[in-house]
Amino acid sequence: MTVELTDTSGAPESDAQSRLIAIGTGSEWWRSAVIYQIYPRSFADSDGDGIGDLPGITSRLDSLSTLGVDAIWLSPFFTSPQHDAGYDVANYVDVDPLFGTLADFDTMLARAHELGLKVIVDLVPNHTSWDHEWFKAALAAPEGSPERDRYMFRDGLGENGEIAPNNWQSVFGGPMWERTTNPDGTPGQWYLHIFDVSQPDLNWQNPWVREQMIAVLRFWLDRGVDGFRVDVAHGLIKETGLPDYTPPADAGSMGGGATPLEPGIDSDDPPTPPYWAQDGVHEIYRSWHEVLDEYEGDRVLCAEAWVEPLTKLARWVRPDEMQQAFNFTYLEAAWSAPQLRKVIDTSIYAFGTVGAPSTWVLSNHDVVRHASRLALGADNLQGDGIGPKTPGLPDTALGLRRARAATAVMLALPGSSYIYQGEELGLPEAIHLPDDARQDPTWFRTKGERYGRDGCRVPIPWEAGKPSYGFGPTASSWLPQPSDWDAYSRDRQAATPGSTLELYKLALSLRAQHELGMGTIEWLPGYDDDVIAFSNGAVTVISNIGSVAVELPAAAGDVLLASEAIVEGVLAVDTTVWLAS
Ligand code: NOJ
Ligand code: MG
């Protein structure tokens with residue numbers, strides 16, 4: 001690991017312009033990989049039922065290899081009643097018939113490996129589905145039984161146990177507790193669910209639960225997966241005694257309490273909710289690390305942990321824990337050069353202190369797509385679901401322009417980047433979904449107060465003019481696709497100069513050629529505060545995030561890539577350029 005800083009006593013100063021910052025070293029593939037997130041139900045549908053599936057993925061893998069990514073991560077495709085789009089797992093070691101079979105998975109994995117793509121699957125250890133055999137057995141078993149101890153059952157308060165055990169509120173809205181009914185029909189104990197009522201939390205203090213999940217890891221490792229994205233990796237352990245807690249008013253929905261004081265900038269010491277980021281989670285990941293170590297080929301664990309500040313998140317990627325953690329502080333940063341500089345500095349520093357690479361991410365299946373989010377108002381930076389009635393809806397052209405510029409910054413940074421399916425097409429959020437088409441539990445649990453995440457989950461367009469834009473062989477699509485998506489279709493953009501798809505391809509190929517993922521960035525002095533300027537090896541990156549056009553230096557090298565056309569050496573507003581240094 002190399003971290004050269006003027007001051008290593010804490011997070012770096014935001015205005016430092018010329019320090020050298022290098023990423024943790026090592027030759028493992030994940031340190032610099034670009035990982036493409038496939039949301040299986042919306043990627044490609046082979047059988048025309050309107051839901052994407054594993055054979056659909058296999059049939060379209062070539063296009064990802066052409067795009068130039070190193071790995072794919074698949075959101076859950078396991079057996080599930082789909083109350084939270086598969087993040088409610090009823091069987092961790094089988095494929096839901098909606099998506100295919102285990103044989104289809106093996107075929108997909110083999111094809112991906114043939115194409116040189118690593119494959120990461122999603123592990124959802126914090127909770128199961130209420131359809132899981134373990135939960136059914138827990139409900140059928142008496143209070144105090146070993147079966148009940150696998151989950152978080154508690155007696156209610158009040159004379160007849162009619163009051164929930166504490167005041168915690170679910171991430172999706174409403175109480176975090178549900179009362180059960182005993183087999184004889186009388187009201188029973190309550191169980192904890194951080195998310196939907198159909199997602200009971202497991203009791204991770206129970207060694208039996210730990211053993212079972214290690215068996216799940218081994219099942220997929222033995223099948224040949226290259227790693228796991230670990231869902232809610234900050235939630236498994238709850239504070240002893242389950243004390244009441246009221247999150248601050250501005251708490252983000254996924255983080256539920258650990259939001260930065262200033263968006264995109266690390267807060268000093270946000271409160272730790274009793275259900276997030278408890279110290280006890282770390283020994284679990286150490287044990288998983290040991291399991292992965294038994295397998296050859298640099299397998300990876302990536303934490304989905306909405307934890308701030310970044311110096312705290314870095315604990316998830318200490319050398320004996322996970323390899324990566326999603327950098328949501330970066331995702332949440334406003335479209336502002338000072339904020340981006342600071343979060344980039346802080347990220348590389350914080351992860352570097354434990355020898356881990358930083359990761360970068362702008363979109364995923366839980367947040368408003370960055371082609372819309374970056375043109376939203378400052379009060380909704382995380383993009384907490386937008387719909388027809390959201391005030392200040394984004395301008396589509398401005399959003400896309402900023403998204404292209406933002407991506408061109410991200411893909412020049414050292415470390416590992418995540419791309420969410422459809423962003424390479426410049427897809428915006430689908431804002432005008434009819435109310436009766438929405439499926440996110442957030443929409444239902446808040447009675448329509450929060451639109452939720454359906455807008456970023458609409459099946460993606462492959463071929464213009466085809467039913468479902470070539471998503472599947474029929475017009476069927478589990479969420480309706482907007483009528484004006486022909487222009488975003490992959491076939492229209494392929495080989496079209498200036499298209500977003502071609503911009504991504506070029507960025508990925510230059511990134512590989514110049515080994516930017518393993519590089520070192522140096523901030524370049526002499527630019528306005530509103531301009532990001534850094535070099536990464538042989539590439540100079542300049543991004544104009546201000547409000548006036550900027551003249552590129554006379555001695556600037558050849559343009560390698562530009563997110564918008566560079567006319568007469570002028571870098572227009574909301575444009576990023578890569579120059580040969
Ligand atoms: C995070 C996942 O990304 C999200 O989609 C899901 O709803 C929650 N975890 C609960 O599993
Ligand atoms: Mg299908």
(Q) To the nearest 0.5 Å, what is the distance between CG on Leu192 and CH2 on Trp177? (A) 4.5 Å
Q. Would you call Arg404 and Glu502 a salt bridge, using N to O less than 4.0 angstrom?
A. no
**Q.** Cation over ring face, Arg150 and Trp208, 6.0 Å, 45°
**A.** yes
Q.
Quick one, Trp306 with Glu304, criterion side chain to side chain donor-acceptor pair (under 3.5 Å). Give me CA distance, side-chain angles, the key distance, then yes/no.
A. CA-CA 7 Å; Trp306 293 80; Glu304 189 235 8; 3.0 Å; yes
Q. Given the rule in the side chain to side chain donor-acceptor pair (under 3.5 Å) test, do Tyr418 and Gln324 qualify, once you have shown the distances and angles that lead to the verdict?
A. CA-CA 11 Å; Tyr418 278 81; Gln324 290 191 339; 2.7 Å; yes
**Q.** Residues forming a side chain to side chain contact (heavy atoms under 4.5 Å, CB included) with Glu449, sequence neighbours excluded
**A.** Thr446
Q) Mind checking whether Phe326 and Trp73 have ring centres under 6.0 Å apart? A) yes
Q.
Just verifying a value: how many Å separate Tyr420 OH and Leu331 CG, rounded to the nearest 0.5 Å?
A. 12.5 Å
Q. Are Tyr87 and Asp196 close enough that a side-chain donor and a side-chain acceptor fall under 3.5 Å?
A. no
Q: Could you please spell out the steps behind the side-chain contact (heavy atoms from CB on, under 4.5 Å) verdict for Arg457 and Asp366?
A: CA-CA 9 Å; Arg457 299 175 172 183; Asp366 288 328; 3.2 Å; yes
(Q) Please enumerate all residues that pass side chain to side chain donor-acceptor pair (under 3.5 Å) together with Asn91, with sequence neighbours excluded. (A) none
Q) Are Arg445 and Phe172 in a cation-pi setup, meaning NZ or CZ lies under 6.0 angstrom from the ring centre and within 45 degrees of the ring axis? A) no
Q: Taking the side chain as every heavy atom from C-beta outward, state whether Trp443 and Asp435 have any pair of such atoms under 4.5 Å apart.
A: yes
Q: Return the minimal non-hydrogen interatomic distance between Pro388 and Ile431, and the atom names on each side.
A: CD-O, 3.2 Å
Q.
Holding to ring-ring contact (aromatic ring centres under 6.0 Å, His included), I want the full list of residues that pass it with His132, two or more places apart in sequence or in another chain.
A. Tyr92, Trp134
Q: Give the minimum heavy-atom separation between Ser170 and Pro175, together with the two atoms involved.
A: CB-O, 3.7 Å
(Q) Tell me which pairs pass ring-ring contact (aromatic ring centres under 6.0 Å, His included) where either residue lies in residues 27-50, with sequence neighbours left out. (A) Tyr39-His365, Phe43-Trp462
Q: Could you pull out all residues at least two apart from Ala437 that satisfy side chain to side chain contact (heavy atoms under 4.5 Å, CB included)?
A: Pro434, Pro480
Q: Measure the shortest side-chain to side-chain distance between Leu313 and Thr329 over non-hydrogen atoms and say whether it is less than 4.5 angstrom.
A: no
Q.
Checking Arg511 now: which residues fulfil side chain to side chain donor-acceptor pair (under 3.5 Å) with it, not counting sequence neighbours?
A. none
Q) Is there a side-chain contact between Arg373 and Leu362 (heavy atoms, below 4.5 Å)? A) yes
Q.
Let me confirm one number: the CE-OG1 distance from Met410 to Thr359, rounded to the nearest 0.5 Å.
A. 10.0 Å
**Q.** Residues Ile194, Met176; criterion side-chain contact (heavy atoms from CB on, under 4.5 Å); working and verdict
**A.** CA-CA 5 Å; Ile194 290 188; Met176 220 189 254; 3.9 Å; yes
Q: For the residue pair Leu413 and Ser358, establish whether any side-chain heavy-atom pair is separated by less than 4.5 Å.
A: no
Q | Check: Phe228 ring centre within less than 6.0 Å of Trp220 ring centre | A | no
Q: Any pair with a residue in residues 97-110 that passes salt bridge (charged side-chain N to carboxylate O under 4.0 Å, His left out), sequence neighbours left out, goes on the list, sorted by first then second residue, please.
A: Asp106-Arg223
**Q.** Arg299 bridged to Asp293 by N-O distance under 4.0 Å
**A.** no
Q: Taking the side chain as every heavy atom from C-beta outward, state whether Ile35 and Ile72 have any atom pair closer than 4.5 Å.
A: no
Q. Should Gln481 and Ser468 be marked as a side chain to side chain donor-acceptor pair (under 3.5 Å) after you check the CA-CA gap, both sets of side-chain angles, and the distance that decides it?
A. CA-CA 7 Å; Gln481 298 166 298; Ser468 72; 4.7 Å; no
Q | Distance, nearest 0.5 Å, that separates CH2 of Trp288 from CG of Leu217 | A | 5.5 Å
Q: Step by step, work out the side-chain contact (heavy atoms from CB on, under 4.5 Å) result for Ser32 and Met518.
A: CA-CA 6 Å; Ser32 57; Met518 289 305 288; 3.8 Å; yes
(Q) Is it the case that the ring center of Trp130 lies less than 6.0 angstrom away from the ring center of Tyr151? (A) no
Q. Are there more than 12 heavy atoms of other residues, nucleotides or ligands under 6.0 Å from atom CD of Gln513?
A. yes
(Q) With rounding to the nearest 0.5 angstrom, report the CG to OG distance, Asn327 to Ser417. (A) 10.0 Å
Q) Any salt bridge (charged side-chain N to carboxylate O under 4.0 Å, His left out) pairs touching residues 77-102, not counting sequence neighbours? A) Asp84-Arg453
Q: Assess whether side chain to side chain donor-acceptor pair (under 3.5 Å) is satisfied between Asn126 and Asp231, documenting all intermediate values.
A: CA-CA 7 Å; Asn126 179 69; Asp231 190 65; over 6 Å; no
Q) So how far is it from Arg60 CZ to Ile38 CD1, rounded to the nearest 0.5 Å? A) 12.0 Å
(Q) With heavy-atom distances below 4.5 Å as the criterion, would you say the side chains of Ser129 and Ser80 are in contact? (A) no
Q. Hey, is NZ on Lys505 packed in by over 12 heavy atoms from elsewhere, all under 6.0 Å?
A. yes
**Q.** Between Asp226 and His113: side-chain donor-acceptor atoms closer than 3.5 Å
**A.** yes
(Q) Students often mix this up, so state it plainly: with edges at 30° and 60°, are the rings of Phe135 and Tyr191 parallel, tilted or perpendicular? (A) perpendicular
Q) In chain order, what residues pass the ring-ring contact (aromatic ring centres under 6.0 Å, His included) check against His282, with sequence neighbours excluded? A) Trp316
Q: Carefully, step by step, assess Glu178 and His193 under the rule side-chain contact (heavy atoms from CB on, under 4.5 Å).
A: CA-CA 8 Å; Glu178 182 72 6; His193 58 91; 4.0 Å; yes
Q.
Under 4.0 Å between a side-chain nitrogen and a carboxylate oxygen: does that hold for Asp298 and Arg31?
A. no
Q. How about Leu139 and Phe153: do any of their side-chain heavy atoms sit closer than 4.5 Å?
A. yes
Q: Report the residues that fulfil side chain to side chain contact (heavy atoms under 4.5 Å, CB included) with Ile51, sequence neighbours left out, ordered by chain and then residue number.
A: Arg41, Asp49, Leu98, Phe99, Trp478
Q: Could you list all the salt bridge (charged side-chain N to carboxylate O under 4.0 Å, His left out) pairs where at least one residue sits in residues 420-430, not counting sequence neighbours?
A: Glu424-Arg490
Q. Is there a side-chain contact between Val232 and Trp276, using heavy atoms and a 4.5 Å cut-off?
A. yes
Q: Please name all residues satisfying side chain to side chain donor-acceptor pair (under 3.5 Å) with Glu114, sequence neighbours left out, ordered by chain then number.
A: Arg111
